[in-house]
Amino acid sequence: GYAYGKYRAGWSFIDSVYFLVVTITTVGYGDFAFSMDHEADKIFGALYVFFGVVFIGIAAGIIIQTLEAKAEDRMNRLKEHHHGTDPDFGHQPAFN
């Protein structure tokens, strides 16, 4: 994405990185776009967006799995601390 913007479209470094982020996160404001003048740009653009979205999906999946594993580990440690019983997280103490 950066190389396309910098060398094919003639954008600045900042514009090229901005295009990369906006495109692969599927935000797509439309202020920068792949050239529609050449077939090669259209094909590259389609492949770039497809693989960029796949990359973001995989990265999000890894992050979610990591967070789930940490939450499960924390729950197991809390159960051990409470001698194997499920802690009642929804219980509100009564103040008399």
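Keep in mind that what you see is a predicted model, and the values were worked out from it rather than measured.
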Can you get from [X] to [Y] by hopping between Ile, Leu, Val, Met, Phe, Trp and Tyr side chains that sit under 4.5 Å apart?
{"X": "Val17", "Y": "Phe55", "result": "yes"}
{"X": "Phe13", "Y": "Tyr4", "result": "yes"}
{"X": "Phe19", "Y": "Tyr7", "result": "no"}
{"X": "Val53", "Y": "Val22", "result": "yes"}

N/O donor to acceptor pairs below 3.5 angstrom from side-chain atoms of residues 27-44, sequence neighbours left out:
from, atom 1, to, atom 2, distance (Å)
Asp31, OD1, Tyr18, OH, 3.4
Asp31, OD2, Tyr18, OH, 2.8
Ser35, OG, Asp37, N, 3.2
Asp41, OD1, Arg8, NE, 2.8
Asp41, OD1, Arg8, NH2, 3.4
Asp41, OD2, Arg8, NH2, 3.3

For Arg74, all residues meeting side-chain hydrogen bond (donor to acceptor under 3.5 Å, both in side chains), sequence neighbours excluded: none

Which atom pair, heavy atoms only, marks the closest approach of Gly5 to Ser16? C-OG, 3.2 Å

Show the nearest heavy-atom pair for residues Val21 and Thr25, with the distance to one decimal. O-OG1, 2.6 Å

[atom1] of [X] to [atom2] of [Y]: how many Å apart, nearest 0.5 Å?
{"X": "Thr23", "Y": "Ile56", "atom1": "OG1", "atom2": "CD1", "answer": "11.0 Å"}
{"X": "Ile62", "Y": "Leu67", "atom1": "CD1", "atom2": "CG", "answer": "12.0 Å"}
{"X": "Ile14", "Y": "Lys6", "atom1": "CD1", "atom2": "NZ", "answer": "10.0 Å"}

Stepwise, does the side chain to side chain contact (heavy atoms under 4.5 Å, CB included) test hold for Tyr48 with Ile24? CA-CA 8 Å; Tyr48 178 75; Ile24 67 170; 3.7 Å; yes

